[in-house]
Amino acid sequence: MVLLNYVKSWWKMKQNQFSFEIDAKIPDALGRAGIIYTPHGDIETPTFVVVGTYGNVRLLSPYQFHEIGLQAMICNGFHLSKIDDKIEAGGELSKYSGYDCPTLTDSGGFQVMSFGSGLGKVVSMDKKNIAREQFKAKNKDRLSRVTEKGVYFKTREDKEEKLFTPEYSMNFQHKIGADVIMAFDELTNIGDSKEYNEEALERTHRWAVRCLDEHKKLTLERSDKSYQALYAILQGAHYKDLRERTANKLGSMDFDGYGLGGAFEKEHLSDILFWSNSILPESKPRHLLGLSKPDDIFIGVENGCDTFDCVAPTREARHGKVYTLDGDINLRNAEFADDYSLLSPGCECPTCKSNYSRAEIRKLLKNKNGEKTDEQVREDNQIALELLTIHNVYFIVNLTRQIRQSIINENFFNFRDSWLKRYYG
Ligand SMILES: [Zn+2]
């Protein structure tokens, strides 16, 4: 009886506060347009979710966030775990961040697994897979190791190892209070063998059970808080049998949604998503982790993904790269010094609507002349980077909004073909 009441009250909390509805589907494909309902607002899908690593998006104010049509933000669980008490005291992440929108956090797994592994997305536990140059630079030993219990890790400053477990990940993500939280999974590296991928996948399944148990316990203990949806993460590299196995296993468990992750070559993206999403329950939302190139978004949508996140639109803006309908350009190049056209023809982002030209923004970006003080030059650069961030993020958000409309209008494939043809030339 106690167990029945437990299940009933957990189910009620979940149903009342998080759900997904499908509005339209792409014929003969897995893609759909839908709405994710969360305690902090609705998310019309497909859509791009911007990355706000520390709880805010660099160079993008909350006001601009809403003005350019962003609906949700994903934050870094590991970084925010250090201030989880503060965030909890100040309300939930949505309120703490000031963006007042649906939020997501990741499990923190990527950070702890990457300690000591060098640069970039290198998380392999096998030293052979890490480029020699990266080791030569400053890494003698890995600072993290995966065990059944969790991941032991330390930073370069730490003397003692710490243990990061699935239960710990659930605890700090509950304190942070995002609408969608992620289960703790083991990421593998592109150089890892199939055997290692299989071992890691099985461990991820066992960790998923522990995450779900802890999540249910915390949800009931904290019933005065908003319901948080828990997504499982699917790994399995580019192996069909592993992808199908994990989709069957995690798809049959009581998760609210799914995150598709893993290290693989771009050429495998379409297959991986098709294998996974053909099996996962249609009624639950799916998030594609870490990809936002237009062709990847089209592949993701066609194969049943609903939300996307990536640091690229904001990071590339900070390097002067600008998205345009005719392909990307770099404003730092001399050819734009006298180009008084808009960043992208017909763009309706606040930067382009204010008639800022390529030449004008380039001047702010490259401003080094002796007339101005260093501080003035820094301010000009800052303005240029803000203008470019607004444009790039809007460009991707607007693309996903148009894709959503094309699904509703039953015009997805025509829209895709003409859009990609112009963009990639
Ligand atoms: Zn624009």
Side-chain angles (χ1 to χ4, degrees), residues 43-52 56-74 99 101 291-298 300-301 307-367 379-406 415-416 418-425:
I43 307 170
E44 292 189 344
T45 65
T47 198
F48 173 71
V49 174
V50 74
V51 179
N56 62 298
V57 187
R58 281 174 75 181
L59 303 172
L60 199 67
S61 72
Y63 169 71
Q64 291 160 338
F65 180 98
H66 293 286
E67 195 185 3
I68 62 176
L70 277 166
Q71 303 178 73
M73 169 169 66
I74 183 165
Y99 283 73
C101 65
L291 291 176
S292 72
K293 290 279 167 223
D295 55 339
D296 294 337
I297 289 183
F298 277 105
V301 171
T307 48
F308 303 82
D309 80 82
C310 190
V311 294
T314 46
R315 179 176 289 169
E316 291 182 339
R318 295 197 298 272
H319 290 101
K321 190 168 175 180
V322 179
Y323 300 161
T324 95
L325 286 175
D326 299 300
D328 302 344
I329 57 172
N330 198 310
L331 271 200
R332 293 185 189 274
N333 294 343
E335 62 184 291
F336 302 109
D338 297 311
D339 184 345
Y340 290 94
S341 56
L342 293 181
L343 292 176
S344 178
C347 179
E348 297 201 347
C349 82
T351 301
C352 295
K353 276 206 297 194
S354 306
N355 283 321
Y356 272 102
S357 67
R358 293 174 178 188
E360 212 170 339
I361 298 176
R362 185 178 183 280
K363 202 171 78 191
L364 294 171
L365 203 59
K366 301 281 287 185
N367 207 334
E379 282 169 4
D380 283 355
N381 283 337
Q382 177 85 1
I383 292 169
L385 298 182
E386 279 180 30
L387 293 168
L388 296 182
T389 298
I390 289 170
H391 170 82
N392 275 4
V393 177
Y394 173 88
F395 186 89
I396 296 297
V397 173
N398 190 47
L399 171 62
T400 54
R401 189 165 45 209
Q402 288 177 312
I403 292 175
R404 174 181 162 79
Q405 201 53 49
S406 78
F415 176 71
R416 178 195 67 181
S418 61
W419 199 97
L420 290 177
K421 193 174 168 199
R422 179 169 177 188
Y423 186 77
Y424 291 104

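Residue numbers start at 1 and run along the sequence shown. Remember, it's 1-based here, ligands and their atoms both numbered in the order they're listed.
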- request: Anything protein N/O/S under 2.8 Å from the Zn ion (ligand 1)? Just list residue and atom, please.
  value: Cys347 SG, Cys349 SG, Cys352 SG, His391 ND1
message: Tell me whether the count of non-hydrogen atoms from other residues, nucleotides or ligands lying under 6.0 Å of CZ in Arg401 goes above 12.
response: yes
query: How far does CD1 of Ile390 sit from OG1 of Thr314, to the nearest 0.5 angstrom?
result: 12.5 Å
query: Do the non-hydrogen side-chain atoms of Leu399 and Pro294 ever get within less than 4.5 Å of each other?
result: yes
query: Val50 versus Val397: any side-chain heavy-atom pair under 4.5 Å?
result: no
task: Return the orientation label for the Tyr99 and Phe65 ring planes: parallel under 30°, perpendicular over 60°, tilted otherwise.
output: perpendicular
- request: Kindly state each residue pair satisfying salt bridge (charged side-chain N to carboxylate O under 4.0 Å, His left out) with at least one member in residues 341-363, sequence neighbours excluded.
  value: Asp339-Arg358
